[in-house]
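A quick write-up on the structure given underneath.
Just so you know, these numbers use all the heavy atoms, side chains as well, and skip hydrogens, waters and symmetry mates. In the text below, chain A, chain B and the rest are named by the order of the sequence lines, each starting its count at 1. Predicted model, so just to flag it, every value in this text is computed and none were measured.
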Protein chains: 2
Amino acid sequence: MKTEDVDAVRQLPLFQDARKETFAKIMRGVLLQRFPPGVTLITESDTADFLHVVVDGLVEMFATHGGRETTLSLVRPVGTFILAAVLTDQVYLQSARTVLKSRLLMIPAAHVRAAMGTDEGFTRAVVAELARGYRCTIKEVKNQKLRSGAERLANWLLQESARSGAGAAVELDVEKRKLAALLGMTPENLSRAFSTLRDYGVTSVGPAIRIGEPEALAAFARPNPLIDGPE
Amino acid sequence: MKTEDVDAVRQLPLFQDARKETFAKIMRGVLLQRFPPGVTLITESDTADFLHVVVDGLVEMFATHGGRETTLSLVRPVGTFILAAVLTDQVYLQSARTVLKSRLLMIPAAHVRAAMGTDEGFTRAVVAELARGYRCTIKEVKNQKLRSGAERLANWLLQESARSGAGAAVELDVEKRKLAALLGMTPENLSRAFSTLRDYGVTSVGPAIRIGEPEALAAFARPNPLIDGPE
DNA sequence: CGCGAGATTGATGGTAATCAACGAACGTGG
DNA sequence: CCACGTTCGTTGATTACCATCAATCTCGCG
């Protein structure tokens, strides 16, 4: 692994406050690997071997049941996934696959568990990350149970606009079918939700979305920091 | 606070492995309080002041948005709630109210945060509890997105039967309207879901449910340890 | 140019929400 | 002890939303 990569990893929120020795110990046996799009990284019900960090690219978390599949979340740099399974040494509840060409840091689960308890700074970072993920998931349940499909799309657009900093012009970096699954609907219904939002100034050409009247869209979406916040 | 209560608290998973001093420190300023049914304990968007532990009784976690309300979970003894908000010193994402007469242990949030890092055993217990809650919530999202209403009810019945150890006779300890909200449907639809399950041997008289043909019900429900497990 | 994957649109059926009415259970006060 | 009111649960009718199936369209690519 290159020195510059090691330095980049050192800057990750998870490791910033870790002691030098802890970091060095964790880095032994670590893998920093590139993957093409569409590669399955982990599969639900497998035992947790590695903590994964998305250094670059985009990863989709998904789950299946009885022939159906749904997207649970998208993990962007610099995010981690399956931390909970790693910490408690249990099986994965989710599967993961790359959406774009991605670079992933893979840390042996045993190293993470060993580092906890010996390093307060690292432990705090782990707890913070775990709590963040937990709260995001609770928001997701509220989003699902308290809003309609079109409302979820409207709020997703507002959030995405804020996140990417692109203002009124939002560019999708995932297929619409994945967005549909993420929002808990079928691709067909996503199309219809988009045409519903035309009444509130949302227009789209392929993956390029324009939010023509942000106030009108927000009035329809009724965003709520207790559901939408990026945390 | 009585000695026997202190001893009982000491036995909680969260404190079992804590050092003596840590436990003593946390216990200063702790409240062990009784509440009648229907009391609102915390409200979403309030800042996290106390970590709550349900010592006895039953607590409902719920959330509201735009005039709607949904039940997110039921917390039974000996469970905690809003641990994530306490650890990261943020606002609650959920509200809580007692369903039954309950006894609650309330630990000042600052004490919990202070104890972390100085006590490895306690920290591990906190992390374990946090990870458990996280995983339960992920299961809940999968439950919502991958199953129909009747399937959610069927699986809930099977799980409840296993949890309470009552075998084929399940006794509801919450109103059906709350169960409906927990399962993500209206009370009317819960009624209809129950009549759907009659075809699979489920009969009910008031709050007393009988699972007449467990195999038939399971065949319909298709339980999945990656969704249903009690964790 | 032709192919294939994804996106869209239309038609249809099913599931769930809503509105309304009725009935049972319980508690209160007469 | 009973009349009454309230709350909860159930049932029916209706509507809205969403899933499914099918067909067409678009775009990128060989």
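- Between B/I209 atom CD1 and D/dG9 atom P there is a gap of 11 Å when expressed in whole angstrom units.
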For this session: Would you check, one step at a time, whether the test side-chain contact (heavy atoms from CB on, under 4.5 Å) holds for A/K142 with B/H65?
Result: CA-CA 9 Å; A/K142 291 169 68 173; B/H65 173 69; over 6 Å; no
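- In this structure, the CG atom of A/L153 is 15 Å from the C1' atom of D/dC18, given to the nearest Å.
- Taking only side-chain nitrogens and oxygens, A/K178 never comes nearer than 4.0 Å to OP1 or OP2 of C/dG6.
- Among residue pairs with one or both ends in residues 46-58 of chain B, none qualify as side-chain hydrogen bond (donor to acceptor under 3.5 Å, both in side chains); sequence neighbours excluded.
- When side chains are defined from C-beta on, B/V9 counts as touching B/L12, because their heavy atoms get closer than 4.5 Å.
- Applying the 3.5 Å distance criterion, the base of D/dC21 shares a donor-acceptor pair with the side chain of A/E188.
- When each of D/dA22, C/dA20, C/dA17 is scored by its nearest atom to the side-chain atoms of B/R192, the top-ranked nucleotide is C/dA17.
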Using atom names, set out every protein N or O paired with an N or O of nucleotides 27-30 of chain D below 3.5 Å, distance rounded to 0.1 Å.
none

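- We find that CG of B/L183 is positioned 11 Å from P of C/dA17, with the value rounded to whole Å.
- Between the CD atom of A/E175 and the C1' atom of C/dT8 there is a distance of 15 Å, rounded to whole Å.
- Among the nucleotides C/dG10, D/dC8, C/dA17, the one closest to the side chain of B/R177 is D/dC8.
- No donor-acceptor distance shorter than 3.5 angstrom exists from the side chain of A/S161 to the backbone of A/L157, with no hydrogens or angles considered.
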Listed pairs, N/O of protein and of nucleotides 12-16 of chain C, under 3.5 Å:
residue : atom : partner : partner atom : Å
C/dA16  : OP1  : B/G149  : N            : 2.7

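- Side-chain N/O atoms of A/E140 and A/S73 include no donor and acceptor closer than 3.5 Å.
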Exercise. Stepwise, does the side-chain contact (heavy atoms from CB on, under 4.5 Å) test hold for B/D228 with B/L158?
Worked result: CA-CA 9 Å; B/D228 302 296; B/L158 291 172; over 6 Å; no
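- Using a 4.5 Å heavy-atom cutoff, the side chains of A/V55 and A/P77 are not in contact.
- Checking B/E69, B/E44, B/Q94 one by one against B/T64, the side chain to side chain donor-acceptor pair (under 3.5 Å) holds for a single residue, B/E44.
- D/dA19 atom P lies 12 Å from atom CG of B/L146, rounded to whole Å.
- Of the side-chain N and O atoms in B/R68, one or more sit less than 4.0 angstrom from OP1 or OP2 of C/dT18.
- Put simply, CG on A/L179 is 13 Å from C1' on C/dA7, counting in whole angstrom units.
- With 3.5 Å as the limit, one finds no donor-acceptor pair spanning the side chains of B/S164 and B/E171.
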